[in-house]
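Accompanying notes for the structure given below.
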Amino acid sequence: MTLTRVETPVRRRWMVAYGLAMIGVAAGWFGPIQILLPEQAARLAGEDGKEALLALVTAWGAAVSMVANPLWGALSDRIGSRRLPIFIAGTVVGVAGLLVLAGAGSTPAMVFGWVLVQAGLNGPLAALAAMIGDRVPERQRGTVGALFGVAQIVGVVLGTAVAVAVGQGAPGYIAVAIAVPALAAALLVLHRDVPAAVIEKQRIHWAVLLRPGSQFAWAWLIRFLLNLVNAMVLVYLFYYLSDRVGVDDPAGWVLILTVVNVLFAGVAGFAGGVLSDRWEKRKVFVAAGAVLLAAGTAVMALIPVTSVVIVASVLVGVGWGAYIAVDMAVITQVLPDAESRATMLGVANIAGTLPQLLAPVIAAPIVTALGGYRTLYFVTAAFALAALAVLPRLRALY
């Protein structure tokens, strides 16, 4: 079966509301990952156990996320083109998890809170991803897909900035819990202005999950590898700056590097999305992203000096921006059919959440016993180059 073709262009005000909603979801995710969870892990487990506790918490959350995203997507397909009920329900669960984390004073409470956040925020993420396939014509998918990715990056900065400005611990979690639904409000108002694709209530086609097609599989693998690179850069950045680079204020420097990363990734991502639509090319942006990510992480491995790490953040930012400029356009291009769109996008999103599970599992033994941060970032660069090596297999991509 062929995908439903959407011809009516989406309006700019809907794009703005869509971007704000994605920023809110990303802030709820990455504010805790960047600042709040590492600080809480250090407070509960001490200097000797902080890495292990952070790995435990993020691994449990990512494991739940792997299941939650396709389930939210399957439920969304089940009710047809109405994505907002999924968006709202997931947001409520995610906010509840942030509030649990605000009061968490033990390891089980911390794990439970983060599991709720991951289970819940996968709902709005699945809904927002499906809206691109439902509502955005092919000629706009580079632009709107780039907006999807750039908004995630902006959300990283917002969540990190809130954690630094409001304070670590409970105040930070509460502020992020308020920001997530507040930024989604515009989309809830404007969604009726956007013509939806005609997608009626459908049964779930489980055969598509078992045999998604080789092009979808290669696109999934590339997404997985490059998201793993991004996750491994972020997971121990707080500790890398304090223990390897030796900065006095790691939280402040995480914010600085995040801002640098976002500025360059945002510009590269949005410009790349527009250019990819204009040039009708996707593959060259994936290749450029992989090369730049490999270069940036190699620099982090070789020269752990503050000024050089800033340069590395620029390289990583531009590389990540080049990739996210076309990420959603690539995935929607290789979906098997329209009836399983949200379900398969949920499967595709596992390639974004599984790295959160694997990154701390891979990184923890490397940092503690197999060469430290130098080896960690060389391994990270190798994953980026592996994505580049896989790219020629994606023959459906222009």
Side-chain angles (χ1 to χ4, degrees), residues 10 14-33 61-62 64-101 113-136 144-145 147-156 158-159 162 173 176-192 194 196 227 324 327-328 331-332 341-353 356:
V10 293
W14 181 83
M15 288 188 190
V16 172
Y18 181 90
L20 288 173
M22 189 64 243
I23 288 170
V25 173
W29 234 311
F30 290 102
I33 288 175
V64 170
S65 182
M66 285 176 56
V67 178
N69 201 292
L71 285 180
W72 283 117
L75 180 59
S76 182
D77 280 335
R78 196 63 191 137
I79 64 175
S81 61
R82 294 172 298 160
R83 309 296 185 190
L84 286 184
I86 301 299
F87 187 99
I88 294 169
T91 299
V92 169
V93 175
V95 168
L98 289 167
L99 295 177
V100 169
L101 283 168
W114 188 238
V115 162
L116 279 181
V117 171
Q118 291 277 21
L121 292 186
N122 269 287
L125 180 65
L128 288 168
M131 285 177 189
I132 295 179
D134 292 346
R135 306 182 176 206
V136 182
V144 177
L147 180 63
F148 181 88
V150 170
Q152 291 183 56
I153 299 173
V154 175
V156 174
L158 177 64
V162 166
Y173 282 121
V176 172
I178 293 170
V180 173
L183 288 165
L187 186 65
L188 302 183
V189 173
L190 294 179
H191 77 281
R192 292 187 181 87
V194 183
N227 274 276
I324 64 169
D327 173 46
M328 286 301 298
I331 289 295
T332 55
R341 177 177 286 138
T343 304
M344 295 310 296
L345 283 170
V347 173
N349 285 335
I350 293 175
T353 54
Q356 297 179 48

> When you measure from the side chain of Trp29 to the backbone N and O of Gly159, does any donor-acceptor pair fall under 3.5 Å?
Replying inline: no
> Looking only at heavy atoms, which two atoms of Leu121 and Val25 are closest? And how far apart?
Replying inline: CD1-O, 3.8 Å
> For Phe87, what residues pass the ring-ring contact (aromatic ring centres under 6.0 Å, His included) criterion, not counting sequence neighbours?
Replying inline: none
>> If the condition is side chain to side chain contact (heavy atoms under 4.5 Å, CB included), which residues does Val115 pass it with, not counting sequence neighbours?
In response: Trp60, Val64, Val111
>> As an exercise, state the distance from CD1 of Ile324 to CG of Asn227, rounded to the nearest 0.5 Å.
In response: 10.0 Å
> Looking at CG of Leu187 and CG of Leu84, how far apart are the two atoms once the value is rounded to the nearest 0.5 Å?
Replying inline: 6.0 Å
>> Using every non-hydrogen atom in the two residues, find where Val95 and Ala177 come nearest and quote the distance to one decimal.
In response: CG2-O, 3.7 Å
>> Can you give me the closest heavy-atom contact between Gly97 and Val117, atom names plus distance?
In response: C-CG2, 3.5 Å
> Which heavy atom in Pro32 sits nearest to a heavy atom in Leu98, and how many Å separate them?
Replying inline: CG-CD2, 3.9 Å
> Hey, are the side chains of Leu188 and Ile88 touching, using non-hydrogen atoms and a 4.5 Å cut-off?
Replying inline: yes
> So which heavy atom on Val180 is nearest to which on Gly24, and how close?
Replying inline: CG2-O, 3.3 Å
>> I need the minimum non-hydrogen distance between Gly120 and Trp72, along with the two atoms involved.
In response: O-NE1, 4.1 Å
> For the atom pair OG (Ser65) and CH2 (Trp114), what is the distance rounded to the nearest 0.5 Å?
Replying inline: 9.0 Å
>> Rounded at 0.5 Å granularity, tell me how far CG in Leu99 sits from CD1 in Ile178.
In response: 8.5 Å
